[in-house]
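For reference, the structure is listed below as structure tokens.
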Amino acid sequence: TAQLISGVLCLIYMITRFPVLRMHREDWRMDRAFVREHLRMGLPMAFQFSITAIGVMVLQGALNRFGSTVVAAYTAASRVEMIFTQPMLTLGVTAATYTAQNLGAQKYARIREGLHRSALLAVCIALFSGTAVTLLGRFFVRLFIDEPTEEILSYAQTYLNLIAVFFIALAMLCM
């Protein structure tokens, strides 16, 4: 209820204070070229996120069969993974926004330069992250488990070592 009231108040404020933002009947008409262009840019990103989500669900289903020790190791290690891959994902979203803004401004050379620099930064982040989880993975896993056994630490480190190899590929997928 509070969000609805807040939304209505924001809409009233927007309409009264910013005439350029007022909606007109022609604003509601569908422009096929506009929709097609946005789908062309948005669908690849949607597929990327969908494939990742489906992969996580399949992996979780397979891991459940190995017992609580493996599940605990995977859960803790995946939290460590999230911390270290988040900068790459965020950089990808930032690059998408940057690209969209420059595409709208028709500054194509700027897009190439920005993506090149973003890719270089993403590789540096991937190298740092991969090195950190490989060398310090056990330390980070301990932050998420109160009393980890050697078996849990070993499984978690194995997982982190395996995924660290793919951090550069992940960074490039995010671009």
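For reference, positions follow the sequence shown, starting with 1. The structure presented is a predicted model; accordingly, all values stated were derived computationally and were not measured.
- Using a 4.5 Å heavy-atom threshold, the side chains of Leu173 and Phe166 count as separate.
- Using a distance-only test at 3.5 Å, with no hydrogens or angles considered, no donor-acceptor pair links the side chain of Asn102 to the main chain of Thr99.
- Screening Arg117, His116, Arg110 for a side chain to side chain donor-acceptor pair (under 3.5 Å) involving Glu113 leaves a single residue, Arg117.
- In Met45, the CE atom is not crowded: 12 or fewer heavy atoms of neighbouring residues, nucleotides or ligands sit closer than 6.0 Å.
- Here Arg40 pairs with Glu37 in a salt bridge; the nearest charged N to carboxylate O distance falls below 4.0 Å.
- Shown here for Tyr98 and Gly114, the closest heavy-atom pair between the two residues is CE2-CA, 3.6 Å.
- In the hydrophobic clustering of this structure, Phe47 groups with Leu39; members are Ile, Leu, Val, Met, Phe, Trp, Tyr whose side-chain heavy atoms approach within less than 4.5 Å, directly or through other members.
- The aromatic ring centroids of Tyr159 and Tyr74 lie less than 6.0 Å from each other.
- Atom OG of Ser129 sits about 9.5 Å away from atom CD1 of Ile163, to the nearest 0.5 Å.
- Rounded to the nearest 0.5 Å, atoms CD1 (Ile5) and CD (Gln3) are 11.0 Å apart.
- Ion pairing of Glu150 with Arg138 is present here, as a side-chain N (NZ or NE/NH1/NH2) and a carboxylate O approach within less than 4.0 Å.
- For Arg22, the CZ atom is densely surrounded, since the number of other residues' heavy atoms within 6.0 Å is greater than 12.
- Placement of Val35 and Leu43 within a single hydrophobic cluster is found when ILVMFWY residues are connected by side-chain heavy-atom separations under 4.5 Å, directly or transitively.
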Test log, rule side chain to side chain contact (heavy atoms under 4.5 Å, CB included), inputs Met175 and Leu91: CA-CA 8 Å; Met175 287 291 102; Leu91 185 60; 3.7 Å; yes

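- Side chain of Thr131 to backbone of Leu127: a donor-acceptor contact under 3.5 angstrom is found.
- The two residues Ala122 and Met88 come nearest to each other via the heavy atoms O-CG, 4.4 Å.
- Hydrophobic clustering, with ILVMFWY side chains joined whenever heavy atoms are under 4.5 angstrom apart, groups Tyr155 together with Phe66.
- Under the 3.5 Å distance criterion, the side-chain polar atoms of Tyr13 are left unmatched by any main-chain donor or acceptor of Phe18.
- Following chains of ILVMFWY side-chain contacts shorter than 4.5 Å, one can reach Met172 starting from Ile125, so the two form part of one hydrophobic cluster.
- Donor-acceptor pairing under 3.5 Å is lacking for the side chains of Thr85 and Glu81.
- Of all the heavy atoms in Ile145 and Ala72, the pair that sits closest is CD1-O, 3.9 Å.
- Residues Thr149 and Leu153 form no side-chain contact, since every pair of their non-hydrogen atoms from C-beta on lies 4.5 Å or further apart.
- Taking hydrophobic clusters as Ile, Leu, Val, Met, Phe, Trp and Tyr residues chained together by side-chain heavy-atom distances below 4.5 Å, Leu11 shares a cluster with Leu21.
- The shortest heavy-atom contact between Thr134 and Gln157 is O-NE2, 3.2 Å.
- Distance check, rounded to the nearest 0.5 Å: SG of Cys10 to CD1 of Ile15 gives 11.5 Å.
- Put simply, the side chain of Val70 does not reach to within 4.5 Å of the side chain of Glu151, judged on heavy atoms.
- Relative orientation of the Phe84 and Phe140 rings is perpendicular, given thresholds of 30° and 60° on the angle between their planes.
- Contact detail for Cys174 and Leu89: the closest heavy-atom pair is SG-CD2, 3.3 Å.
- Separation of atoms CD1 (Ile111) and OG (Ser118) is listed at 11.5 Å; rounding is to 0.5 Å.
- When each of Val133, Leu136, Thr75, Val80 is paired with Val141, the side-chain contact (heavy atoms from CB on, under 4.5 Å) condition holds for Val80 and for no other.
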